[in-house]
Amino acid sequence: MLENLKQELQSLDIQPRDIGAYLKYLGFSAHLDEPAALARAYAAESLFCGHRKQIYRHDRIVGSIYGLVCDGRVSQQELAYAKTLADSYGANSFATNADHYAPNYEAFLSAGVSGILQKIQRSMRMHQRDSDAPKRLEFLSAAEVTMKAFQRMLIQYGEAAAEKAGAEADNASRSELMEASRICHKLSAERPGTFREALQLVWLAYVAFVYEGRYAMAFGRMDQYLYPFFERDLEAGRIDHETAVELLSCALYKISEHRWLGGDDVVNIAIGGVKADGSGGVNELSYCILEAVHRCNIPGPNLSARYYEGMPDSFLDACLQVIGTGLGYPALMNDSVNIPALHRHGYSLEDSRNYCMVGCIENFIQGKQPPWTDGRFNTPKYLELALNDGRCMLTGVQMGPKTGPAEKMATMQEVIEAFRQQMVYGAADYMARFRNENERYNRVRYVQPFLSCFCDDCIERGLDINDGGARYPSVHGACCMGTATVADSLAAIERIVYEEKALTLAALRDVLLADYEGHEDIRRKLLSAPKYGNNDDFVDKYAVWFIKVQEEIFSNYHTWDGGPIYVAVASNVSNIPAGEEVAATPDGRKSRSPLSDAASPMHGRDTNGPTAVLHSMAKPDYTLASCGTVLNQKYSPVMFTDSVKRQKLLSLVKVYFQKGGQEIQMNAVSREMLMDAQKRPEQYRNLVVRVSGFSAFYTSLTKEVQNDILMRTEHD
């Protein structure tokens with residue numbers, strides 16, 4: 001069934017025209033005098049219900065964005081006019097907590113649509129005498145409008161599936177479409193009872209979020225909240241492993257539709273990990289989801305596998321085999337680090353154990369806190385400023401405080417202190433810019449009623465997800481870039497300047513200002529200093545410092561509602577543009593070239609093998625990096641296909657996590673294949689690689705990102 005669905009989607013003649021703004025305009029224009037919350041709710045109603053529902057011949061789990069983004073019935077002029085009104089209402093963005101969220105699907109499945117509507121009614125009765133009753137009742141009314149609209153959307157999909165079945169000659173396809181129709185009609189009025197029904201409800205909720213323009217809406221711990229349905233079906237003989245994989249595949253493959261919108265959606269799914277009570281969570285459905293993502297073989301479902309002490313080796317081995325196909329999924333996460341990293345912020349132990357990931361690797365308490373936000377903190381830039389008395393070496397602009405000229409820094413500790421002062425100022429600048437954007441909008445006018453229905457305790461409190469409704473406050477991640485660039489640079493200064501006294505710090509500054517022109521001998525000497533990723537404490541201590549000091553700095557800040565600022569060690573591909581902002585660095589890096597990738601060693605400098613890399617990487621205290629880290633590794637494909645070598649790799653991963661590593665993700669595509677793909681991209685259209693926190697089609701990446709992946713050390 002999946003292969004037929006793939007062919008069906010790939011054969012479509014796509015001419016995207018997103019009519020979302022037009023549909024929202026219809027909702028807004030019919031309720032211009034309504035309060036903002038209700039006007040937004042009616043815009044969502046129009047969005048959910050106002051377009052044709054696409055059903056594919058080979059659908060088993062219905063729900064598609066095709067009808068919304070491939071509708072030619074509205075002229076460009078009508079779209080342009082409609083957009084003026086829709087845009088005037090404004091909308092939350094990633095920076096203002098709009099998406100990168102993991103809905104509480106467990107609670108949603110338990111209640112069903114009708115149960116959510118009943119909960120809204122109970123809350124209305126409870127809050128009708130509150131001092132701020134108008135505000136709460138307005139929000140709840142808006143939530144009710146959106147949930148009823150979603151209910152109507154379910155019915156529409158049921159009607160569309162029945163219509164498609166009526167035109168279908170093949171008996172098997174007709175039967176499947178009629179079953180999809182029955183399920184949609186049932187879900188509009190009742191709770192799901194089977195695995196297929198539960199998966200269908202979750203998928204259509206996800207599709208509704210996409211209709212609203214939300215990105216990176218995670219499925220969270222799918223193998224946990226769907227497992228009770230799966231288990232009951234197994235016991236009753238209604239399902240088997242293969243059927244579950246097919247159902248999951250037919251839903252998840254449609255994430256590929258996001259390419260019609262100009263990109264792939266980073267939809268994170270967490271599998272494995274401990275349960276809320278601390279017991280192991282790997283189950284048969286964990287394997288089904290892993291296999292489904294493998295069969296889809298697209299960048300969209302960003303799969304994360306949570307490792308815990310006592311996790312079956314068979315499951316970790318299955319993960320490595322899927323990674324070895326070249327897909328790069330799943331990323332491997334360590335519960336023994338992530339759970340205490342979250343618990344220290346005041347989340348209950350049960351909620352901390354139940355974490356998932358949103359977007360790439362960002363740790364998240366599913367369905368209990370507002371959507372995620374983060375930003376990039378260019379740490380190596382502050383070392384540049386420290387060496388040049390706060391002035392940018394590229395422009396001469398005074399970007400930081402005057403911490404003293406290099407001529408007066410007589411010890412390594414003085415360099416470290418100047419660097420820290422620049423980071424303190426940089427964090428203040430970073431947080432001011434974040435607050436200026438994040439707190440810009442009126443939280444009553446910018447309500448998100450449908451999203452709030454999927455968050456504890458918005459309905460009970462009668463408050464929006466971004467206005468005090470969520471159980472926990474919002475959080476923000478400061479993604480501190482360039483671990484190895486910083487560690488290697490500080491080690492080079494200590495060794496070459498203060499130990500060997502080969503040149504003064506002022507002379508080094510001048511060499512950096514000259515971008516090493518005419519100073520290749522000095523650059524070679526700096527490059528010969530110890531490098532991070534080789535299990536050398538001389539340089540590794542600075543990676544330990546990198547995490548510790550930035551957590552100390554950012555822990556002084558909070559979000560508007562009192563939530564923490566997490567430290568992350570991640571960059572996606574931002575190490576490339578961030579490098580363009582940084583002059584030459586003391587590790588031998590040339591001006592404006594890429595920084596080191598996330599938490600990983602600098603490309604080509606980890607020369608002592610993978611064991612040494614992981615020993616270095618495990619030394620920092622990653623419980624201080626509550627968001628998460630990214631360690632990119634590239635292994636020869638034979639490491640995954642040879643069972644003996646794969647067993648060694650499995651043991652290596654386990655030891656790394658036991659020593660305190662937080663995350664590892666791997667590419668299994670050879671350097672030769674990547675180089676050939678650059679030369680003959682037309683032959684590698686379906687080549688998927690792990691980038692940094694997400695996977696992508698290699699040939700769709702820019703040449704700079706392709707080269708960044710190509711340069712990673714390949715271990716075997």
Residues passing the salt bridge (charged side-chain N to carboxylate O under 4.0 Å, His left out) test with D18, sequence neighbours excluded, are none
When you compare the side chains of N92 and N97, does any donor N or O come within less than 3.5 Å of an acceptor on the partner?
no
>> Checking the side chain of K254 only, and the main-chain atoms of D59 only, is there a donor and an acceptor separated by less than 3.5 Å?
In response: no
A102 meets the side-chain contact (heavy atoms from CB on, under 4.5 Å) criterion, sequence neighbours left out, with A218, C356, V358, F364, Q366
With sequence neighbours left out, the residues meeting ring-ring contact (aromatic ring centres under 6.0 Å, His included) with Y22 are none
Taking the side chain as every heavy atom from C-beta outward, state whether T629 and I361 have any pair of such atoms under 4.5 Å apart.
no
Is NZ or CZ of R40 both nearer than 6.0 Å to the six-membered ring centre of Y446 and within 45° of the ring axis? yes
With sequence neighbours left out, the residues meeting side-chain contact (heavy atoms from CB on, under 4.5 Å) with S596 are A484, T485, M602
With sequence neighbours left out, the residues meeting ring-ring contact (aromatic ring centres under 6.0 Å, His included) with F229 are none
Notebook entry, point to check: How about F48 and F450: are their ring centres within less than 6.0 Å of each other?
Noted result: yes
Would you mind reporting whether L23 and L68 have side-chain heavy atoms less than 4.5 Å apart?
yes
State, yes or no, whether a side-chain contact exists between I55 and Y157 at a heavy-atom distance under 4.5 Å.
-> yes
Step-by-step ring-ring contact (aromatic ring centres under 6.0 Å, His included) determination, Y215 to F94
CA-CA 8 Å; Y215 180 78; F94 171 63; 8.8 Å; no
In short, P370 meets Y101 closest at the heavy-atom pair C-CD1, 4.2 Å
Measuring only between side-chain heavy atoms, which start at C-beta, is N268 closer than 4.5 Å to E362? no
inquiry  = With a 3.5 Å distance limit and no angle check, can you tell me whether N354 reaches the backbone of A276 through a side-chain donor-acceptor pair?
reply    = no
State whether a side-chain donor-acceptor pair under 3.5 Å links Y206 with D265. yes
Sequence neighbours excluded, the answer for side-chain hydrogen bond (donor to acceptor under 3.5 Å, both in side chains) partners of D456 is N104, K368
Practice item. Step by step, work out the ring-ring contact (aromatic ring centres under 6.0 Å, His included) result for F554 and Y430. Key: CA-CA 10 Å; F554 279 104; Y430 173 98; 5.7 Å; yes
Determine whether C184 and V62 make a side-chain contact, defined as any pair of heavy atoms from C-beta on separated by less than 4.5 Å. yes
* To do: Evaluate the criterion side chain to side chain contact (heavy atoms under 4.5 Å, CB included) for residue pair M617 and Q662; output intermediate values, then yes/no.
  => CA-CA 9 Å; M617 287 295 307; Q662 187 172 23; over 6 Å; no
Next on the checklist: Classify the ring geometry of F150 against F108: parallel below 30°, tilted from 30° to 60°, perpendicular beyond 60°.
Outcome noted: tilted
Here's one to test your reading of the geometry: is the NZ or CZ of R306 within 45 degrees of the ring axis of Y355 and under 6.0 Å from its centre? yes
The residue among L285, L248, I271 that forms side chain to side chain contact (heavy atoms under 4.5 Å, CB included) with M222 is L248
For P371 and L451 the tightest heavy-atom approach is CG-CD2, 3.8 Å
- Given side chains that start at C-beta, do those of I339 and V274 come closer than 4.5 Å, heavy atoms only? yes
Side chains of Y225 and V202, heavy atoms from C-beta outward: is any pair under 4.5 Å? yes
*Does some side-chain heavy atom of M481 sit less than 4.5 Å from a side-chain heavy atom of F377?*
no
>> Within the 3.5 Å criterion, strictly below it, is a donor on Y622 or N334 matched to an acceptor on the partner's side chain?
In response: no
Sub-6.0 Å ring centroid separation between Y211 and H51:
yes
Nearest heavy-atom approach of Y472 to S348 is OH-N, 3.2 Å
Check your understanding: Within a reach of under 6.0 Å around CZ of R433, are more than 12 heavy atoms found that belong to other residues, nucleotides or ligands?
Key -> no
Nearest heavy-atom approach of D71 to R17 is O-CD, 3.5 Å
For Y566 and W372, take the angle between the two ring planes, folded into 0 to 90°, and tell me which bin it lands in: parallel under 30, tilted 30 to 60, perpendicular over 60. tilted
request  = I would like to know whether H476 and Y557 meet ring-ring contact (aromatic ring centres under 6.0 Å, His included); could you show each step before the answer?
outcome  = CA-CA 10 Å; H476 176 79; Y557 294 97; over 10 Å; no
Checklist entry - Any donor-acceptor pair under 3.5 Å linking the side chain of S304 with the backbone of A270? => result no
message = Between R353 and E350, does any NZ, NE, NH1 or NH2 come within less than 4.0 Å of an OD or OE carboxylate oxygen?
response = no
